[in-house]
Every structure is written in structure tokens, then in C-alpha cells.
Amino acid sequence: MPELPEVETMVRGIRSEVTGRQIIRTEICRCSRKPIRIHPSRRSFVRNTTQTCITGVERLAKRVILQLSTGHFIVIEPRMTGLILLSDPPTNEHRRICWHLDPRRGRSPWIQFWDRRGLGTVSLLDANELDQVRDRLGTDALQLNTDQLAATLRQTSTSIKVCLLDQKRIAGIGNLYASEILHRARISPFLPANSLSRPQVRALCSAVRSVMQEAVLSEGSTLGDGTYRNALNQDGSYQNQHRVYQRAGEECPRCRQIIERSVQAQRSTFYCPRCQR
DNA sequence: ATTAATGTTCAGAA
DNA sequence: TTTCTGAACATTAA
């Protein structure tokens with residue numbers, strides 16, 4: 001499931017391939033039962049992306065942004081199972097959008113959005129609308145510093161795990177990495193956010209950044225269900241470094257206590273009850 | 001065959 | 001104001 005590291009990997013995987021290329025045709029695939037959700041409308045989306053040049057590719061939290069020469073931005077939200085691919089998709093079944101690019105020798109003729117579950121969304125926004133999206137997001141997890149994190153945590157007494165998932169507080173962390181981050185920082189997922197000591201906030205900030213950086217270097221996590229893959233349809237490798245996620249019943253690699261699974265805000269939390277306090 | 005589980009975001013309710 | 005719940009979906013495992 002694409003969180004910050006997976007989305008960053010998508011961006012890095014397509015940036016050099018598509019920057020400076022022209023979209024010669026935007027194809028909205030209609031092979032699925034439910035058509036993909038497009039903002040503002042599919043007609044204007046197709047009209048305003050065709051025959052425009054892609055001038056850059058950026059990441060905004062868990063979104064991929066394609067900058068266009070018109071000053072507009074294609075904003076792609078992969079959500080659960082969305083992939084951005086230069087290669088053939090895992091199946092032909094769930095292709096959602098194909099952007100056909102001007103042909104260049106040795107380069108991919110297109111970029112596509114493939115989404116098995118179909119929860120992903122695609123939008124065409126102007127600079128103003130993109131700013132509004134940005135305003136609703138907290139500090140990017142890779143840019144976090146201790147003082148900022150302390151100020152954020154002070155504002156709420158919800159559990160630290162749920163707080164880490166709140167995109168308007170900190171942007172980019174999802175369910176998988178929240179568990180891994182808290183384990184690295186040795187902090188219980190159930191502590192109220194505003195109860196953390198200064199040393200705990202320091203450890204947490206360090207864990208947020210180091211887990212995210214390492215996961216980016218490993219090109220994200222590809223789980224057993226194989227939902228996430230990079231732009232060339234290859235697996236990431238950070239799943240080999242998971243300490244607690246989906247490891248309930250196994251020994252904690254740090255203290256050998258049995259890892260437990262709990263549910264917070266309707267999502268699984270994995271943690272070690274001994275070394276996370 | 002049915003059902004639970006999977007996780008991100010947003011609208012709407014509490 | 002803040003926090004919580006359910007819906008948007010498809011697929012797999014039990």
C-alpha cells in the first residue's frame with residue numbers, strides 16, 4: 001500500500017523517463033466495471049492533458065504530481081493498490097489510465113495508472129487548487145524536526161499511533177510504517193500523543209526520518225499480497241527489514257518477547273509489549 | 001458459499 | 001472544535 005516511501009519510489013522511477021515528454025493522448029480505460037474517479041470531469045481532464053508537456057514530477061505526501069506546461073498539475077492518489085507503471089501492468093484487468101507519450105527511441109511509449117481495487121483518484125488542478133491540497137497536509141515525514149513534532153504532539157491526546165496516521169498533523173506515514181516507527185523509537189502505540197517526554201519525542205522524530213529514509217532506499221515494501229511494485233513492476237525490499245508489521249506471534253528481534261497485534265481506529269497495530277513502553 | 005481482513009481518504013455524524 | 005464511523009472498492013484466506 002503506497003505510503004511515503006512507495007510514492008517516492010514511483011516518482012523517482014518515472015521522473016527521468018517522462019520529464020520533457022509530451023502527452024499525445026490521454027486514454028481512460030473502460031475495462032473495469034466502475035470507471036475511475038476523475039476530478040473535475042473526465043472530459044475536461046482528457047481535453048486539458050492532451051498535447052501538453054510534462055515539465056516535472058514531484059511527490060506531495062502520498063500523491064504523485066505531474067507538472068504540465070500549461071501550469072496545471074495532474075495529481076495521482078494511489079491510495080490502496082494504485083501503481084504508476086512504465087512497464088506492462090501486473091494484469092490487463094485493472095488498467096485505469098494510459099498517457100501516451102511522444103515516441104522516443106529506447107523510452108517507454110506511455111505511463112499508466114493501474115489500480116486493482118480502484119480506490120485511487122486522479123485530478124487535474126491549477127496552482128491554486130494544489131495549494132489548497134498542500135494546506136490540508138502536515139509537515140512531510142522526511143522533513144520533520146524535533147521541535148515541529150513536539151508542537152504537533154502537544155495538540156492532541158489521541159494515541160500516538162493514530163496521531164502518526166493523521167495526514168494533517170504529519171504527512172506521508174501510513175499503517176505499515178507507523179508500527180515500524182514506534183517499534184524503532186521504543187514507544188507504546190497506546191500512549192497519548194501529548195504525554196511523550198522530550199527524549200521520547202526526539203527518539204520518535206529520529207525514527208520517523210530514519211525508517212522513511214531506509215524504506216526509500218529499499219524502494220518500499222512489497223507484501224505477500226504483492227500489491228505494491230515500482231514503476232518497472234519490480235518488488236521493493238523493505239519488507240525484509242520489517243521488525244513487527246504482520247509479525248504477531250513471532251519474537252521481537254530486539255528482546256525476544258512475542259509481538260502482539262491490536263486494533264486502533266479500525267486498523268491493525270503490531271508492537272512489542274516489552275520494549276515499547 | 002459466505003465472511004473477515006486488508007488500508008487511504010473523505011463526508012458526515014457524534 | 002475535534003474525533004469517530006462508514007463508504008468507496010477488489011481480492012484473498014479462512
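Proteins come first, then strands; the chains are lettered A, B, ... in the order of their sequence lines, and each starts at number 1.
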Report, as yes or no, whether the 6.0 Å neighbourhood of atom [atom1] on [X] holds more than 12 heavy atoms from other residues, nucleotides or ligands.
X        : atom1 : answer
A/Arg107 : CZ    : yes
A/Arg43  : CZ    : no
A/Arg104 : CZ    : yes

ask   = Which residues in residues 1-9 of chain A have at least one heavy atom lying under 4.0 Å from any atom of DNA chain B?
value =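 A/Met1, A/Glu3 - these, ordered by number, are the residues of the stretch whose heavy atoms sit under 4.0 Å from the strand.
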ask   = Using a cut-off of 4.0 Å on non-hydrogen atoms, how would the nucleic acid contact of A/Ser268 be classed: base, sugar-phosphate, or nothing?
value =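 Sugar-phosphate, backbone atoms only, no base.
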query = If the P atom of B/dG12 is compared with that of C/dC9, how far apart are they to the nearest Å?
reply =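 Pairwise P distance, B/dG12 against C/dC9, rounds to 16 Å.
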inquiry  = According to ring-ring contact (aromatic ring centres under 6.0 Å, His included), does anything in residues 174-213 of chain A pair up with another residue at least two apart or in another chain? List the pairs.
reply    =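 Found A/Tyr177-A/Tyr238, A/Phe190-A/Tyr271.
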Output the rounded distance in Å from [atom1] ([X]) to [atom2] ([N]).
X        : N      : atom1 : atom2 : answer
A/Met80  : C/dA10 : CE    : P     : 13 Å
A/Leu223 : C/dT11 : CG    : P     : 18 Å
A/Glu93  : C/dC9  : CD    : P     : 16 Å
A/Leu119 : C/dG6  : CG    : P     : 17 Å
A/Arg117 : C/dC9  : CZ    : P     : 11 Å
A/Gln246 : B/dT6  : CD    : P     : 8 Å
A/Arg116 : C/dC9  : CZ    : C1'   : 10 Å
A/Arg96  : C/dA8  : CZ    : C1'   : 12 Å

Review item, nucleotides 2-4 of chain C N/O atoms under 3.5 Å of protein N/O:
| from | atom 1 | to | atom 2 | distance (Å) |
| --- | --- | --- | --- | --- |
| C/dT3 | OP1 | A/Thr156 | OG1 | 2.7 |
| C/dT3 | OP2 | A/Arg169 | NH2 | 2.7 |

Which residues share a salt bridge (charged side-chain N to carboxylate O under 4.0 Å, His left out) with [X], sequence neighbours left out:
X        : result
A/Glu129 : none
A/Glu77  : A/Arg63, A/Arg79
A/Asp131 : A/Arg134
A/Arg169 : A/Asp166

inquiry  = Can you pull out every salt bridge (charged side-chain N to carboxylate O under 4.0 Å, His left out) where at least one residue sits in residues 177-197 of chain A? Sequence neighbours excluded, please.
reply    =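 For residues 177-197 of chain A, and leaving out neighbouring residues, the salt bridge (charged side-chain N to carboxylate O under 4.0 Å, His left out) pairs sorted by first residue read A/Arg184-A/Glu214.
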request  = Check whether any side-chain N or O of A/His94 sits under 4.0 Å from OP1 or OP2 of C/dC9, and answer yes or no.
outcome  =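 Result: no.
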inquiry  = Rounded at 0.5 Å granularity, tell me how far OG in A/Ser157 sits from CG in A/Asn194.
reply    =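 It comes to 5.5 Å.
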query = In dot-bracket, 5' to 3', how would DNA chain C read with Watson-Crick or G-U wobble pairs under 3.5 Å, [ ] for crossing ones and | for pairs to another strand?
reply = .|||||||.|||||
note = Protein heavy-atom contacts under 4.0 Å, written 5' to 3' over nucleotides 9-14 of chain B as B (base), S (sugar-phosphate only) or - (none), form the string BS----
Side chain to side chain donor-acceptor pair (under 3.5 Å) involving A/Asn240 - partner list, sequence neighbours excluded =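 With sequence neighbours excluded, A/Asn240 shows a side chain to side chain donor-acceptor pair (under 3.5 Å) to no residue whatsoever.
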ask   = Quick one: side chain to side chain donor-acceptor pair (under 3.5 Å) partners of A/Gln143, sequence neighbours excluded?
value =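 Residues passing side chain to side chain donor-acceptor pair (under 3.5 Å) with A/Gln143: none at all.
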key: Identified salt bridge (charged side-chain N to carboxylate O under 4.0 Å, His left out) partner of A/Glu251 from the options A/Arg243, A/Arg274, A/Arg256   =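 Option passing the salt bridge (charged side-chain N to carboxylate O under 4.0 Å, His left out) with A/Glu251: A/Arg256.
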task = Begin from the C-alpha positions of A/Arg96 and A/Asp115 and carry the test salt bridge (charged side-chain N to carboxylate O under 4.0 Å, His left out) through to its verdict.
result = CA-CA 7 Å; A/Arg96 308 287 171 165; A/Asp115 187 1; 5.0 Å; no
